[in-house]
Every structure is written in structure tokens, then in C-alpha cells.
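Only one structure is covered here, and it is reproduced in the block below.
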Amino acid sequence: MAEQEEKFTSLESLGEFGLIDHLTQNFPLRNASSIKGIGDDCAVIENLSGQTVISTDALVEGVHFDLTYVPPRHLGYKAVIVNLSDVYAMNAMPKQILVTMAVSNRFGVEFLNELYEGMRLACEEHEVDLIGGDTTSSYSGLMLSLTVIGEAEEADITYRSGAKKNDLIVVSGDLGAAYLGLQLLEREKAVFKEDPNMQPQLKGYEYLLQRQLRPEARRDIPEILKGLDVKPTSMIDISDGLSSEILHLCKHSKVGAKLFEDKIPIDPKVYEVCEEFNLTTTTVALNGGEDYELLFTIDLSDHDKIKANPNLTVIGHISDESDGAQLVTRDGQFMPLTAQGWNAMTED
Ligand code: ADP
Ligand code: MG
């Protein structure tokens, strides 16, 4: 929605190697395990101790992001954050990333500068080293694929499969805001299409927009848990929505779950905007995605250690597999949780 023609430097003018050098010049290596970063046929990592966790995620223009309202700096930041979130969900610490990008000649150097500035910020905040990647052209649009490498002691790594009956279900932060942020952006995009002179009406919605455009990965949670001497029995990050993630934990751990509607942490702004959009708050919290909070289970005996922490909310407990995963509503009814995903969200 830019009003003026911005400066455009074609990618060809730098050439592939010039472009890579240019984009990656402000990425220092911080971690002792990063022996060799960008510049050779391979990066080299030293295995210092424990085990290595690795994950990769692709982001495709038009599928995962819409550049009409996502600024490239936010996109770069978020692309790194969503990968780091997977590492924290293993109770591990991220150390290195690799970035593969397919980019069409529609994009200029200025756009990629912003994209890499967002990635640089996320790397700095999370003490992660960019150690390589690949750059290729594309006929249509932008595709990013990020790989993250992390480490943890074997005993600390937390899988989806460890939840046991009577464990408490805990979530960090609050839920539903990122989904509403996306609804707001989509609404403004539709208005803008109708009348390009309309100014976006986004004042007062900062928290929701920030949760959508500039999400945070919960590095603090593995650290807090370690400090409290709590090892989660299972953990997952909330990318697709609480309901779907609880079902993943139940499936992998072969257990059931009871989730209490009145315990789900929701920001007051989410209540307010749900009303505006005629959406049910619980539905948004259960099925809206992209909150990147951590969902985990702990042994009942660890409850005292976590209960005073304002970052953490107990929202339910693990039960027998035969019970299934259920939501206990405010009026005491039991409803099966379903993995709607967020495309299936409907007004009611
Ligand atoms: P090769 O031909 O051996 O694949 P490249 O010319 O593709 O090497 O890459 C040169 C160096 O730049 C390598 O270290 C590679 O990891 C790194 N690199 C390439 N593209 C990117 C990118 N988009 N982001 C970060 N590093 C990159
Ligand atoms: Mg290459």
C-alpha cells in the first residue's frame, strides 16, 4: 500500500554472489559451535555436547504470506521466529539457521535488504548464527525455506509423546490474538481494494497486529522451566491452534485430555474484537493459529513450582485415552475437541 515509487535496484545488477555477500554481511557468528559460516561449500558445526535438534519450514508467497500487507522486514523476522519456536518446543536452544530463497525479478535489492534485516534482528535477539543457505531465481513470487539447528542435553529434550494421565496441561502467554490480527489485515485489504484512497483503520489494534506480524518465540519458557527445576513431560508449540496441538499431544502420548474453557488465557482486546467480528472468543482461542506460545504437560507434583508464574496458565489435565480430548465448557458441558484448523473458522 505504498504511496510513492520506491527505489528499485535489480538483483541482476549485483549478481548472485554479490547479492549473497551483500545480504549476509551483517551476520556475525556468535556461537562457539559455529566453526565455519557462509562462504565455503558447507558450513561446519562442532558438536559440543548433548544432542542436535533440526527442523525446517517453508514459506510460500500467496500461501503463507501476503506481501500487500506484510512488510518484508516483518516477514524476515517471522520466518526465523516460527523456526525457532519449533526448537524451543523441544526444550532445546537454537544455534544456527540456513536460509534458502527462490526469488523472482519482481523483487529488488531494497526489498531483500529489509527481509534480511528482519532475519538479522531475530538472529540477534535469539543468539542464532546464519551459517548458509541457497539462492535461486523463481518465475513467480518469493519462497523461503529456513532450517534451524539447535542443541540440548539428551535428558532435557521434550517430545510430544511423554504426557501421562493426571499431568497438568499448561500454556504460556495468551491465545487468539494473532488470528484476529490477520482478520483485521484482511479486512483493511478488502476496504483498500474497493477504494485505494481509504486509509487503513488499524489504530487501537496494535497488540493484535503485533501478534500476527511480529510474533515472538518463547525462548524464556525453557529457561524459566529449567530455573524452576521442571522438566515438561511433553511439549509442542502452538502454530495451528490450541485444539489441534492438544490433539497432537494426545495422539503421540496415547492419552486423553480435559481442557477447561474458563481457564484459557485470553487478552481483553481479543474479547473486544471478537465482538466486533461476531466471533466466539473460545473458538478463536482454540482454532486461531500462529500464536507461537508453548503448550506442555507437567507432572502434578510440579504444580507448586509453576503456579505463581504469570507467564504460565494451567488449562486442564491429561486423562485416559478412552476419554478422548474434551473441552469442559463454562456451564459444565463436555465437548470433543476437533482439529478444525483455521480455515474452517466460521461465524456463529
Ligand atoms: P554452492 O554453489 O556451493 O551451493 P552458493 O554459491 O550457493 O554455494 O553459496 C555460497 C555461500 O553462500 C554458501 O556458504 C551458502 O551457504 C551461502 N548462501 C547462499 N545463499 C544464501 C542465502 N540466501 N542466505 C544465506 N547464505 C546463503
Ligand atoms: Mg548453492
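Just follow the structure's listing: the first ligand is 1, and inside any ligand the first atom is 1.
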Under the ring pair (Phe, Tyr, Trp, His ring centres under 6.0 Å) criterion, do His126 and Tyr88 qualify, and how do the steps go?
CA-CA 11 Å; His126 291 263; Tyr88 298 132; 5.7 Å; yes
Using a heavy-atom cut-off of under 4.0 Å, does the side chain or the backbone of Ile38 touch ligand 1, or both, or neither?
both
Test item: Lys305 side-chain N/O and Val230 main-chain N/O as donor-acceptor pair under 3.5 Å
no
For Phe17, take its heavy atoms, then give the atoms of ligand 1 lying under 4.0 Å from any of them.
6 (O)
Looking only at distances, please establish whether an N/O atom of ligand 1 is found under 3.5 Å from an N/O atom of Thr135.
yes
Judged on heavy-atom distance to atom 16 (O) of ligand 1, which of Ser145, Ala43, Ala102, Gly133 sits nearest?
Gly133
Run the salt-bridge test on Glu293 and Arg211 with the 4.0 Å N-O cut-off and return the result as yes or no.
yes
Taking NZ, NE, NH1 and NH2 as the nitrogens, is one of them in Lys164 or Asp299 under 4.0 Å from a carboxylate oxygen of the other?
yes
Atom indices of ligand 1, in the order listed, that fall short of 4.0 Å to a heavy atom of Gly132
16 (O), 25 (C), 26 (N), 27 (C)
Quick one: does ligand 1 sit under 4.0 Å from the side chain of Phe27, the backbone, both or neither, non-hydrogen atoms only?
neither
Has ligand 1 got any nitrogen or oxygen that is less than 3.5 angstrom from a nitrogen or oxygen of Gly39?
yes
What heavy-atom pair brings Val53 and Ala92 nearest, and what distance separates the two atoms?
CG2-CB, 3.8 Å
Can you list the ligand 1 atoms lying under 4.0 Å from a non-hydrogen atom of Asp41?
3 (O)
Contacting atoms of ligand 1, where contact means under 4.0 angstrom from a heavy atom of Asp40:
13 (C), 14 (O)
Under 4.0 Å from ligand 1, counting heavy atoms only, is it the side chain of Ile20, its backbone, both or neither?
side chain
Looking at Lys258 and Asp323, is any side-chain nitrogen of the basic one under 4.0 Å from a carboxylate oxygen of the acidic one?
yes
If the condition is side-chain contact (heavy atoms from CB on, under 4.5 Å), which residues does Asn83 pass it with, not counting sequence neighbours?
Asp57, Leu146, Val148
